[in-house]
Amino acid sequence: MASNKDGDPSLGYLTRKDIEVKLPRPTRVKNKTPAPIQITAEQILREARERQEADIRPPKQKITDSTELGDYRLRKRKEFEDLIRRVRWNISVWIKYAQWEESQKDFNRARSVWERALEVDYRNHTLWLKYAEVEMKNKFINHARNVWDRAVTLLPRVDQLWYKYIHMEEMLGNVAGARQIFERWMGWMPDQQGWLSYIKFELRYNEVERARGIFERFVQCHPKVSAWIRYAKFEMKNGEVARARNVYEMAVQKLADDEEAEMLFVAFAEFEEKCKETERARCIYKFALDHIPKGRAEDLYRKFVAFEKQYGDKEGIEDAIVGKRRFQYEDEVRKNPLNYDAWFDYIRLEESVTNKGRIREVYERAIANVPPAQEKRYWQRYIYLWINYALYEELDAEDVERTQEVYRECLNLIPHEKFSFAKIWLLAAQFEIRQLNLNGARQVLGNAIGKAPKDKIFKKYIEIEMQLGNIDRCRKLYEKYLEWSPENCYAWSKYAELERSLSETERARSIFELAIAQPALDMPELLWKAYIDFEISEGEYDRTRELYERLLDRTKHLKVWISCAKFEATAMEEQKLCIQNARRVFEKALNYFRMSAPELKEERAMLLDEWLDMERSFGQLGDVSLVEPKLPKKLKKRKQIASEDGLAGYEEYIDYVFPEEAHAHNLKILEKAREWKRQRLASGADD
């Protein structure tokens, strides 16, 4: 007996240990190297496909006598009946069974199968369609009528059954029967397509009055705009203009407040337009625009504008266009008064109408919407309202006093202590100049420099005075400019250029000296270049050489060394002396990079390349052998790239090895070899 611990009454004489399922222990893969022949998934699938056995198919039977045929039919019917018992709800099985009975020309049995199928699911319209098609195909017309009649009685909402039934009767030439079926269908009030099919049916047989009667019932059943429009077009097509107008009028009475009323009014107006009744059409458009909400009348507005362009006068056209767009812009600016783009569009619309009173009114309303915060980004669009207003008053309205007032109000409104707009100051000054009021322009620009000095204002003011030939004023302005921005190299260069153009060489040199003595400059390289070019143009080579020495005391940049060497190469008429001076500069630069900045290997290599190119350009006087022994060797090396997660990989770079570095490296190797030999000798003596 098994112990109580292992035994279980439900297991009989077996124990739990006997019924345990022991899974095989997973084998450990010892050799994980890839196999010499690799097998792809595609190859496995192809082999499985090739080794797949062919499906076992029953052999083809050939029936030779009536006994075999009876056995075959009995067997097939038994199979179908067994299948139906199992899946009674599967309609496809019933259809196959019935079609098989039809193929055996046993129509009574086929009808029996169809009827049994309909008992299972008579709501399935596919069954009715196939049943009726079988009867029609085999020319059992009365049977087919019976099937269609039962189908449309049981499923009156399935349009396809009605269409098929009517089509059969029409193909048989039974027009009265088809009409009777249509009448039965219309009693169920189908959708619009059903009514339109009935109307087309009557029109095929030229029954216009019958079609008109159906249209009247159609619009009563479906009181929609599209139905009334179809009715009116039908009357128009038959030449009944009065009847068509009557239809439209009835539709307007019933559907004036409908959501699709816009479509109805457009169609009514186009009808009157075709009938050459332009006044009637205009009255319809105006009545519609007064009664339809503006949000739903976009197409109506567009059609009205096109109508006025074709038939109306100039005033009517402008009123139609402007009225619509004015309403839209008013709605936009009412929703968001700070939407300056909407104000711009609104102003442009009013300017196209050229009504000064309305234009000024819109401008005043627009500029009254001052940005709520005193930050420049909020004012950048708003300020253009003032600019456009001033330009309108000056160019279109030609009102000088109002233009001055607009500029004055705008400049008073801007908080200049926080930010300003140079464009407004300059436009106001240029306006005064156009009015031949130079004192007024100077006053505006002077106020600008006093309240909100900007580069643009200084440049434009100086340009104006230069054009007028007021040199003393230009000097004063440059002094003010440099007092406000002493680090501005552009201002220093232009000031010196002015003095040089006046042949005031000493003044220009003094300005340059003052400029390079400034503690901070925004672009010092441009200033030094301008000073050096000035001295070269004056032929002062000694001063230029001194300038280069002063510049090299401040910076040892590669470009400065190269520029100095090129200057020396062209500074004197005697070419040999020029070459010697240029070589001396290159030697000094090379010594600096070798002794004071050994880490700048790439700059040193570039310097040697420039020197080599210059020696070649000297022709016979050049000596390439002076440079070639000093040229470095290029080595491609790799260095590790560090990232936050650790080492991210390696990066290649070009390293330069100069001749003295290679020699020093060899000396280090010899020194280590001697030291190793001394250590060996000392250890041998100890032994």
Side-chain angles (χ1 to χ4, degrees), residues 61 63-188 190 193-195 197-198 200-202 204-205 207 210:
Q61 294 179 338
I63 297 170
T64 56
D65 57 8
S66 59
T67 307
E68 287 183 4
L69 178 60
D71 291 342
Y72 164 71
R73 286 176 176 174
L74 183 63
R75 188 172 64 254
K76 286 293 286 184
R77 285 182 183 125
K78 187 175 183 302
E79 287 175 5
F80 276 121
E81 291 292 343
D82 291 342
L83 193 57
I84 285 169
R85 268 195 296 275
R86 286 202 305 273
V87 286
R88 178 181 173 81
W89 47 268
N90 193 337
I91 299 302
S92 62
V93 175
W94 289 100
I95 293 172
K96 287 178 183 177
Y97 189 7
Q99 288 173 345
W100 181 81
E101 291 290 0
E102 182 199 353
S103 69
Q104 300 300 312
K105 303 298 181 183
D106 195 342
F107 297 110
N108 289 328
R109 282 184 178 275
R111 287 190 191 102
S112 176
V113 174
W114 285 116
E115 293 294 340
R116 288 167 62 195
L118 289 171
E119 287 178 3
V120 174
D121 185 9
Y122 74 90
R123 291 187 180 86
N124 191 331
H125 68 279
T126 308
L127 272 176
W128 291 102
L129 290 170
K130 289 189 177 293
Y131 187 7
E133 283 172 3
V134 167
E135 298 289 6
M136 288 191 297
K137 186 169 64 175
N138 294 288
K139 299 182 180 179
F140 297 117
I141 304 302
N142 289 328
H143 281 287
R145 278 198 185 104
N146 184 24
V147 173
W148 287 125
D149 196 73
R150 289 162 59 202
V152 297
T153 303
L154 292 171
L155 301 173
R157 292 298 177 190
V158 180
D159 294 346
Q160 194 177 4
L161 297 174
W162 292 102
Y163 284 127
K164 290 279 189 179
Y165 191 6
I166 293 163
H167 179 66
M168 185 190 79
E169 295 293 352
E170 197 173 355
M171 293 295 289
L172 293 170
N174 187 8
V175 177
R179 185 177 290 120
Q180 190 177 358
I181 297 165
F182 263 123
E183 287 294 336
R184 281 178 63 191
W185 188 15
M186 295 307 111
W188 288 97
Q193 194 57 42
W195 288 95
S197 300
Y198 191 9
K200 287 178 183 176
F201 166 78
E202 295 293 359
R204 279 200 295 273
Y205 298 101
E207 296 286 349
R210 285 181 180 273

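If you're wondering where the values come from, they're calculated on a predicted model, not measured in any experiment. Reckoned from all heavy atoms, side chains included, excluding hydrogens, waters and symmetry mates. All residue numbers in this chain count up from 1 along the given sequence.
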| said: Quick check on side chain to side chain donor-acceptor pair (under 3.5 Å): which of Gln180, Arg179, Glu169 does Asn174 satisfy it with? | reply: Glu169
| Under 3.5 Å, is there a donor-acceptor pair between the side chain of Trp148 and the main chain of Leu161? | no
| message | Which residues pass the salt bridge (Lys or Arg N to Asp or Glu O under 4.0 Å) test with Arg73, not counting sequence neighbours? | response | none
| Listed partners of Tyr122 passing ring pair (Phe, Tyr, Trp, His ring centres under 6.0 Å), at least two apart | none
| task | Give the minimum heavy-atom separation between Ala144 and Ala132, together with the two atoms involved. | result | CB-O, 4.3 Å
| Ignoring hydrogens and geometry, is there a side-chain-to-backbone donor-acceptor pair from Asn138 to Val134 under 3.5 Å? | yes
| Does a side chain donor of either Glu170 or Tyr205 reach within less than 3.5 Å of an acceptor in the other side chain? | yes
Using a 3.5 Å cut-off and no angle test, enumerate the donor-acceptor pairs between side-chain atoms of residues 84-93 and protein atoms at least two apart in sequence or in another chain.
unit_1, atom_1, unit_2, atom_2, d
Arg85, NH2, Asp82, OD1, 2.2
Asn90, OD1, Ser92, N, 3.2
Asn90, OD1, Ser92, OG, 2.7

| request: Would you indicate whether the side-chain heavy atoms of Arg77 and Leu74 approach each other to under 4.5 Å? | output: no
| field | Closest contact, heavy atoms only, Val152 versus Asp149 | value | CG2-O, 3.4 Å
| message | On a heavy-atom basis, which atom in Phe182 and which in Gly194 lie closest, and how many Å separate them? | response | CE2-O, 4.3 Å
| task | Fit a plane to each ring of Trp100 and Phe80, take the angle between them on a 0 to 90° scale, and name the class: parallel (under 30°), tilted (30 to 60°) or perpendicular (over 60°). | result | tilted
| field | Heavy-atom closest pair, residues Trp162 and Pro156 | value | NE1-O, 2.8 Å
| query | Can a salt bridge be assigned to the pair Glu135 and Arg111 using a cut-off of 4.0 Å between side-chain N and carboxylate O? | reply | yes
| note | In short, Pro190 meets Trp195 closest at the heavy-atom pair O-NE1, 3.5 Å
| request: Can you label the angle between the Phe107 ring and the Phe140 ring as parallel, tilted or perpendicular, going by 30° and 60°? | output: perpendicular
| request: Please check if the side chain of Ser197 supplies one atom and the backbone of Gln193 the other of a donor-acceptor pair under 3.5 Å. | output: yes
